[in-house]
Chemist: 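Questions regarding the structure given below will be posed in turn.
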Amino acid sequence: MHRDERRGEQRKTISRLSGKSRQKLWELHHWSLPYFLTLMFFQGRSTKEQCWGGPLLSRNHSMEEEFERAKAAVESDTEFWDKMQAEWEEMARRKWISDSQETRQVAVSINEKGYYFHTENPFKDWPGAFEEGLKKLREGDLPLTILYLEAAILQDPHDAEAWQFLGITQAENENEQGAIVALQRCLELQPNNLKALMALAVSFTNTGHQQEACEVLRSWIKQNPKYRFLFRSKKGSPVLPRRMSKTADESSLLEEVKELFLEGAHHNGELVDPDLQTGLGVLFHLNGEFNRAIDAFNAALTVRPEDYSLWNRLGATLANGDRSEEAVEAYTRALEIQPGFIRSRYNLGISCINLGAYREAVSNFLTALNLQRKSRNQQQVSHPVISGNIWAALRIALSMMDQPELFQAANVGDLDVLLKAFNIES
C-alpha cells in the first residue's frame with residue numbers, strides 16, 4: 001500500500017475509535033484502572049477554562065483542534081502513524097501490561113495460577129522479610145514492598161497473609177495480573193480472608209470480569225460472620241423475599257449479590273460498615289449507577305477518612321460519572337495520604353488528560369514511572385518491572401502536546417530525557 005494511503009487508513013482507524021459514544025468509553029473505564037478514558041479527548045468537547053494544578057496547554061482550542069494541530073506536526077512521519085495506530089489498537093484491547101526492558105503485552109488471565117517472582121531479589125534470604133515489607137508499604141515504597149513480600153513467601157509459601165499483602169500491593173503498583181494470582185493463592189490457603197476477597201473483587205472489576213467479581217463479593221458475604229445469615233434463603237424468608245437466582249447471567253447475578261449487600265446495609269441501620277459500603281460501591285459501579293457508588297464510597301470514608309484506596313476508588317467513580325474535576329480532588333487526597341500510590345498517580349494523569357491539562361498529565365505519568373524505577377535502582381535490582389500502560393498513556397498525552405521529539409523519547413523508553421524535559425528529579 002502507498003504510504004499516503006496507509007496513513008489515511010490509520011487515521012480512519014483512530015477516527016473510528018474516537019467516534020464511539022461517551023457512554024461506552026465510560027463503561028470501559030473501570031473505576032480503578034481507567035484504560036480507555038484516554039480516548040475521550042478525541043471527542044469534540046470544548047476544553048475547560050482552567051484546571052487544577054496549572055493552566056491548560058490549549059485554552060483557545062477545542063480538543064479536536066488540538067489533536068489536529070499535533071497531528072499536522074508529524075503528518076509526514078509514517079513511523080509516527082504506525083506507532084499511533086498500534087497504540088490505539090492496543091489501548092482498545094488492553095487489560096493489563098507488564099514491561100521488563102522492552103514492553104511485553106499480556107492480557108489478564110483469571111486462570112493463571114503461577115506467580116512470577118523476581119529472579120534477582122536481594123532480599124530472598126532476608127530475616128523478617130514480611131515485617132520489612134509492611135514497613136516499606138507504610139512508607140509508600142511499593143516496588144520494595146513487593147520484593148520483601150516475595151522474599152517472605154519464598155521462605156514460607158503457605159503464608160496467607162503475605163500473599164494477601166502482596167496481592168493488594170501489586171494492584172496499587174499497577175500490576176493487576178500479579179494481584180489476581182497472589183490473592184487467589186491467599187484464598188486457597190485461607191478462604192475466609194475477607195480483605196483478600198474484597199481486593200480480588202476489585203481487581204476482577206478493574207479487568208472487566210464482572211461475573212467473577214460478583215461471585216467473589218457473594219463469597220465475601222457468605223464468609224463474613226456478620227452477614228452469612230443472609231444466605232438463609234428459604235422460600236418466603238423475610239431476610240431475602242425474592243428467591244435467589246441460580247442463572248449464570250451476569251446481570252441476574254449482579255442483582256442477586258447487590259440485593260445481599262443492600263439487605264446487609266438495611267440490617268445495620270444507622271451503623272456504617274465501611275467494608276460493606278465498599279462492596280456496594282463496586283456493585284453499583286458495575287451496574288453503571290455511579291451516583292449511588294459515589295454515595296457508598298463517601299459513606300465508607302466517613303469511617304475511614306485516611307483510607308487512600310477508598311479515595312482512589314471514589315476518584316475513579318467520579319471520573320466514570322463525568323466529574324473529572326472532583327475526581328482530581330479525590331486522587332489528590334489519596335496521594336496526600338500515600339504519595340507512593342502509583343495507581344492513583346496514574347488515574348490522576350488520566351483525569352488531567354480528560355480536562356485538557358496535558359502537561360500535568362505527563363508530569364503525573366513520569367512521576368509514577370520514576371517511582372517504580374527509583375526504588376529498584378537504589379537496591380540495584382536488574383530489569384525493573386515498569387507498568388506498560390503508564391507508558392502508553394504517557395505517549396498519548398505527549399502526542400497531544402505537539403512535541404514529536406518527546407513522543408519519540410517515550411517511544412524508546414528514555415525516561416531520563418523526559419524527566420529532564422519536565423524538570424522532574426530522577
Chemist: Among Val202, Leu260, Val257, which residue satisfies the side chain to side chain contact (heavy atoms under 4.5 Å, CB included) criterion with Leu217?
Modeler: Val257
Chemist: Drop me the distance from Trp311's CH2 to Glu336's CD, to the nearest 0.5 angstrom.
Modeler: 9.5 Å
Chemist: Is a salt bridge present between Lys420 and Glu425, judged by a nitrogen-to-oxygen distance below 4.0 Å?
Modeler: no
Chemist: With no hydrogens and no angle check, just 3.5 Å: does a side-chain donor-acceptor pair link Gln177 and Tyr116?
Modeler: no
Chemist: Given the rule in the salt bridge (charged side-chain N to carboxylate O under 4.0 Å, His left out) test, do Arg333 and Glu306 qualify, once you have shown the distances and angles that lead to the verdict?
Modeler: CA-CA 9 Å; Arg333 181 61 186 136; Glu306 300 300 308; 2.9 Å; yes
Chemist: Output, in order, the C-alpha distance, side-chain angles, deciding distance and verdict of side-chain contact (heavy atoms from CB on, under 4.5 Å) for Leu348 and Glu360.
Modeler: CA-CA 9 Å; Leu348 177 57; Glu360 288 83 354; over 6 Å; no
Chemist: What class does the angle between the rings of Tyr115 and Trp163 fall in, given that below 30° is parallel, 30 to 60° is tilted and above 60° is perpendicular?
Modeler: perpendicular
Chemist: With a 3.5 Å distance limit and no angle check, can you tell me whether Glu139 reaches the backbone of Thr145 through a side-chain donor-acceptor pair?
Modeler: no
Chemist: Can you tell me how far the CZ atom of Phe365 sits from the OH atom of Tyr358, to the nearest 0.5 Å?
Modeler: 11.5 Å
Chemist: Rounded to the nearest 0.5 Å, how far does CG of Leu197 lie from CD of Gln164?
Modeler: 10.0 Å
Chemist: Can you list the steps and then say if Arg313 with Asp307 is a salt bridge (charged side-chain N to carboxylate O under 4.0 Å, His left out)?
Modeler: CA-CA 10 Å; Arg313 291 164 192 165; Asp307 189 330; 5.9 Å; no
Chemist: Please check: side-chain N/O of Ser203 versus main-chain N/O of Leu200, any donor-acceptor pairing under 3.5 Å?
Modeler: no
Chemist: Using a strict cut-off of less than 4.0 Å between a Lys/Arg side-chain nitrogen and an Asp/Glu carboxylate oxygen, indicate whether Arg218 and Glu215 qualify as a salt bridge.
Modeler: no
Chemist: Do Arg304 and Asp275 sit within salt-bridge range, that is, some charged N less than 4.0 Å from a carboxylate O?
Modeler: yes
